[in-house]
Amino acid sequence: MKKLAKLMAATALTATTAMPAMAEKWDMPMAYSGSNFHSVTGAEFANCVTTGTQGEIEIVTHPSGSLFPGAQIKRAIQTGQVPIGERLLSGHQNENAIFGVDSIPFLATSFDDADKLWTAAKPALEKVLAEQNLTLLYSVPWPPQGLYFRDEVNSVADMKGIKFRSYNNATARLAELTGMLPVTIEAAEISQAFATGVADSMVSSGATGYDRKVWESLNYFYEVDAWLPRNYIMVNSEVWSGVSDANKAVVTACAGMAEYAGTWRAKEYTGFTLQGLRDGGMNVAPASDTMKGELQEIGATMTAEWLEAAGDEGKSIVDAFKAAQ
Ligand code: PCA
């Protein structure tokens with residue numbers, strides 16, 4: 001009897017000191033550097049969930065593409081290799097044109113408009129993701145996209161033959177239409193690509209140029225405000241359906257706060273990083289009217305191409321966005 005009592009006491013002790021019965025660790029791959037505002041937002045989201053669920057779900061972020069490079073993150077979540085992760089939405093435009101809704105040149109060129117476009121597109125995107133075993137948690141925009149070059153350019157004619165780093169279908173198409181030579185390179189790899197001359201230009205935000213210190217190789221940033229692409233955080237739908245209602249409420253609340261905080265950071269980061277590029281020695285200025293006009297023509301071509309590819313669903317998103325403007 002004594003022995004049994006001892007055993008029971010020991011078991012009780014183990015039960016109270018052990019981790020909660022349902023404790024799970026969720027590794028969360030992210031493609032951009034740890035100091036990037038999306039990664040900082042993701043780390044805060046992870047802490048919020050870990051604290052809010054009292055450790056029942058512990059999210060551990062892996063920035064810089066250290067667990068999976070950007071191009072593999074969505075598939076890794078779909079197939080259950082990891083439960084959660086962050087990816088550039090337009091990285092999947094080759095699967096479905098709807099994913100490219102945020103990279104249509106000159107459609108939504110401010111944070112306010114990017115927000116309206118997101119609201120208009122979200123139901124269709126959630127539906128496509130659900131068909132792929134994915135549940136959307138939150139999304140944060142990048143700052144407006146401008147053009148980086150090693151050498152000065154004043155018109156589209158000056159761009160001919162320049163090696164251009166692309167990050168999705170739209171950026172590769174932009175290169176084609178401007179006579180440049182696209183090469184796809186992840187953000188984590190661009191410093192080296194510019195240093196070694198694999199590429200001499202790109203379209204991106206001031207944020208990415210700043211994060212990757214591109215002033216070490218490039219000299220010009222033309223503010224074009226072509227579009228504001230987005231990152232989004234998704235969870236495997238089967239994993240999600242196994243989460244308790246109480247923990248789902250925590251994750252959803254943390255996601256809402258992350259979307260808000262991340263968007264605020266993106267806005268703050270816009271001016272800060274452009275100044276950072278200047279401080280690094282780059283020429284930062286709005287594109288000339290000639291260049292803007294030429295790019296707008298290319299934008300019109302790309303808009304027509306996107307509408308063609310995205311069909312009725314795409315048209316209704318653009319119509320709903322324009323009605324909200
Ligand atoms: N930075 C990312 C995507 C958009 C942006 O501003 C990149 O250049 O890869």
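Counting convention: from 1, in listed order, for ligands and their atoms alike. Note that the coordinates shown come from a computational prediction; the quantities given were computed from them, not determined experimentally.
Annotation: ligand 1 has protein neighbours Tyr32, Leu88, Trp142, Gln145, Arg165, Tyr167, Ala187, Ser204, Ser205, Thr208, Pro229, each with a heavy atom less than 4.0 angstrom from the ligand.
Ser39 places a side-chain N or O within 3.5 Å of a backbone atom of Ser33 that can act as its donor or acceptor partner. Side-chain atoms of Asn236 come within 3.5 Å of backbone atoms of Val239 as a donor-acceptor pair (strictly under, hydrogens ignored). When atom types are taken as modelled, the side chain of Glu58 and the backbone of Trp26 share no donor-acceptor pair closer than 3.5 angstrom.
No cation-pi contact links Arg230 to Trp142, judged by a cut-off of 6.0 Å to the six-membered ring centre and 45° from its axis.
Ala175 pairs by the side chain to side chain contact (heavy atoms under 4.5 Å, CB included) definition with Phe164, Met180, Pro182, not counting sequence neighbours.
Cluster membership for Ile298 and Leu181, using ILVMFWY side-chain heavy atoms within less than 4.5 angstrom, is not shared.
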